[in-house]
Amino acid sequence: MPHHALVITLTRAASPAELLAACRRMPLAPNHDATGLMVLVKADTPDRAARRLRRRLEDRLPIDVITTHYPDASGQVLLNVAFPPSAHAALTRAAHHAGQEPECFVGLAVRRALAEHAGQEADRLDREVRRLLAGTTPAHLLSAVGHALARIPEGPTP
């Protein structure tokens with residue numbers, strides 16, 4: 001049976017006592033501020049691993065989301081979210097009204113939202129580049145972008 005690398009995102013930083021109690025159930029690796037944890041879970045599939053993890057730790061930690069650390073062969077990351085009963089019921093009703101399973105319904109909604117966000121970000125960047133080009137040449141802008149990218153340690157800036 002394979003092991004699956006999972007990431008737990010917490011709703012708040014875990015206290016030392018919560019981390020200790022959770023680590024007594026299974027070995028965990030917390031991040032620097034105890035708002036995220038990494039864990040290896042033995043299971044046949046990533047989905048079963050995430051469900052097993054949630055069952056074992058939900059009474060010990062304020063779990064928000066569990067995801068697979070590595071994408072699958074299709075480049076997809078598993079997202080395991082436990083909705084409150086009222087939200088779960090509303091999603092189930094909406095999914096059945098759309099003729100879909102709730103998991104598929106939520107997955108499609110997430111993909112649509114991500115695609116919309118990516119489109120908005122591309123439009124925003126296009127507008128910003130056009131604004132910058134109004135005051136300089138393409139060669140100077142490209143050179144400035146190259147210099148800026150060489151100085152960025154990693155990740156987006158606010």
Side-chain angles (χ1 to χ4, degrees), residues 1-128 145 148-158:
M1 188 176 307
H3 285 81
H4 300 277
L6 301 176
V7 177
I8 303 170
T9 303
L10 303 175
T11 58
R12 59 172 170 74
S15 71
E18 288 172 321
L19 283 174
L20 182 61
C23 285
R24 285 188 178 131
R25 289 241 171 114
M26 61 190 339
L28 301 168
N31 66 356
H32 69 286
D33 62 0
T35 57
L37 306 155
M38 291 271 314
V39 63
L40 289 175
V41 179
K42 194 173 182 178
D44 288 330
T45 66
D47 184 51
R48 284 186 180 174
R51 283 186 277 147
R52 179 174 293 157
L53 176 62
R54 186 175 290 279
R55 279 193 312 271
R56 290 182 74 184
L57 296 180
E58 66 187 346
D59 64 334
R60 307 276 173 151
L61 293 170
I63 297 174
D64 189 18
V65 176
I66 298 172
T67 62
T68 48
H69 181 63
Y70 300 106
D72 64 15
S74 304
Q76 301 294 306
V77 173
L78 175 76
L79 180 67
N80 176 289
V81 180
F83 292 107
S86 61
H88 187 269
L91 284 170
T92 301
R93 282 192 304 274
H96 287 300
H97 181 70
Q100 299 171 338
E101 290 297 317
E103 293 81 9
C104 181
F105 182 79
V106 171
L108 289 172
V110 168
R111 282 188 204 85
R112 277 194 299 268
L114 289 172
E116 182 178 338
H117 174 73
Q120 290 170 348
E121 181 67 0
D123 291 344
R124 183 190 70 79
L125 290 171
D126 186 57
R127 287 190 305 273
E128 190 63 23
V145 168
L149 289 175
R151 291 190 305 266
I152 295 175
E154 93 179 39
T157 57

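Heavy atoms only: backbone and side chains are in, while hydrogens, waters and symmetry mates are out. For reference, positions follow the sequence shown, starting with 1.
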Exercise: identify the closest heavy-atom pair between [X] and [Y]:
X: V39; Y: P27; result: CG2-O, 3.3 Å
X: E18; Y: P62; result: OE2-CD, 4.1 Å
X: I66; Y: A50; result: CD1-O, 3.8 Å

Go through the structure and list residues passing side chain to side chain contact (heavy atoms under 4.5 Å, CB included) with A43, not counting sequence neighbours.
H4, R48, A49, R52
With sequence neighbours excluded, what pairs up with [X] under the side-chain hydrogen bond (donor to acceptor under 3.5 Å, both in side chains) test?
X: R56; answer: none
X: D59; answer: R25
X: R151; answer: none
X: R51; answer: D47

Quick one, [X] and [Y] - any side-chain contact, counting heavy atoms below 4.5 Å?
X: H88; Y: P102; value: no
X: T9; Y: T67; value: no
X: L57; Y: L37; value: no
X: I8; Y: L10; value: yes

Using a 3.5 Å cut-off and no angle test, enumerate the donor-acceptor pairs between side-chain atoms of residues 73-83 and protein atoms at least two apart in sequence or in another chain.
| residue | atom | partner | partner atom | Å |
| --- | --- | --- | --- | --- |
| N80 | OD1 | R54 | NE | 2.6 |
| N80 | OD1 | R54 | NH2 | 2.8 |

Could you give the distance from [atom1] ([X]) to [atom2] ([Y]), rounded to the nearest 0.5 Å?
X: L108; Y: E103; atom1: CG; atom2: CD; answer: 11.5 Å
X: Q120; Y: R124; atom1: CD; atom2: CZ; answer: 11.0 Å
X: C104; Y: R111; atom1: SG; atom2: CZ; answer: 7.5 Å

Look at atom NE2 of H3 and say whether more than 12 heavy atoms of other residues, nucleotides or ligands are closer to it than 6.0 Å.
yes
Check each of L91, V110, T92 against F105 using the side-chain contact (heavy atoms from CB on, under 4.5 Å) test, and report the only one that passes.
L91
